[in-house]
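See below for the structure under consideration.
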Amino acid sequence: MKLSAVSIIAVFGAATAFAPQILTTQPSTRLHLFGGGGKDSDQKKGPGMMDQIAMFKKAQELAKKKNDLDAELSAVEFVGEGADGKVKATFKFVPVKNPMDPNPDYEAQKFDFDDEWFESASADDISSAVKEAVDDGINKTNDAVAEKYQALQTDIMGMASPEK
């Protein structure tokens, strides 16, 4: 009798070891798409579908604000000076077109030289004055961009922080 009980248990154990497991699936509402766990759940609620839609709308709003700021900055001419105002370089802000390269471009529009200074200056003086004017123009453009984007950064930081 002992031998047959042991053999029955061994046979039953071997048979269920290779039997297919029955998997239960949860319906989509059971996955808590609309705001986290169920009513009886003690788990912390995660962002639900409605929160994600609100975040998406906020992201679209921020993108529109950024595009408006870019258009506003593109309309302004930034003037850098070199050699005590004898050389002036005019720049325009060019917004980012490639999302993989987040750095904006600056397009030189024109260079103005004081005629008397230009006639008497050496090539090295002209070169260093042009470099100084270009650097000053780019710095002025960067300062204006940083000032305009400060409001956008505040909005982004507000979106990233969890609401209570």
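Residue numbers start at 1 and run along the sequence shown. All values below come from the heavy atoms of this structure, side chains included, with hydrogens, waters and symmetry mates left out.
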If I compare all heavy atoms of [X] with all of [Y], which pair ends up nearest, and what's the gap?
{"X": "Ala133", "Y": "Phe91", "answer": "O-CE1, 4.2 Å"}
{"X": "Leu62", "Y": "Leu152", "answer": "O-CD1, 3.7 Å"}
{"X": "Phe111", "Y": "Ala89", "answer": "CE2-CB, 3.4 Å"}
{"X": "Leu69", "Y": "Tyr149", "answer": "CD1-CD1, 3.9 Å"}

Q. About how many Å separate NZ of Lys92 and OG1 of Thr141, when rounded to the nearest 0.5 Å?
A. 11.5 Å
**Q.** Distance in Å, Asp105 CG paired with Ile138 CD1, rounded so as to fall on 0.5 Å steps
**A.** 10.0 Å
Check for a donor-acceptor pair, side chain of [X] on one end and backbone N or O of [Y] on the other, with a separation under 3.5 Å.
{"X": "Lys140", "Y": "Val79", "result": "yes"}
{"X": "Asp136", "Y": "Glu132", "result": "no"}
{"X": "Ser127", "Y": "Ala123", "result": "no"}

Q.
Could you check whether any side-chain heavy atom of Trp117 comes within less than 4.5 Å of a side-chain heavy atom of Ile126, counting everything from C-beta outward?
A. yes
Q.
Classify the ring geometry of Phe118 against Phe113: parallel below 30°, tilted from 30° to 60°, perpendicular beyond 60°.
A. tilted
Q) Do Val145 and Val76 sit in the same hydrophobic cluster, where Ile, Leu, Val, Met, Phe, Trp and Tyr count as joined when their side-chain heavy atoms come under 4.5 Å apart? A) yes
Q | Lys148, NZ: over 12 other non-hydrogen atoms inside 6.0 angstrom | A | no
Q.
Does Glu147, at its CD atom, have more than 12 non-hydrogen atoms belonging to other residues, nucleotides or ligands within less than 6.0 Å?
A. no
Q: Let me see the working for Glu61 and Lys64 under side-chain contact (heavy atoms from CB on, under 4.5 Å), right down to the final yes or no.
A: CA-CA 5 Å; Glu61 188 179 303; Lys64 184 182 180 323; 5.8 Å; no
Q. Phe78 and Asn139: side-chain contact (heavy atoms from CB on, under 4.5 Å), yes or no, with the steps?
A. CA-CA 9 Å; Phe78 300 95; Asn139 287 337; over 6 Å; no
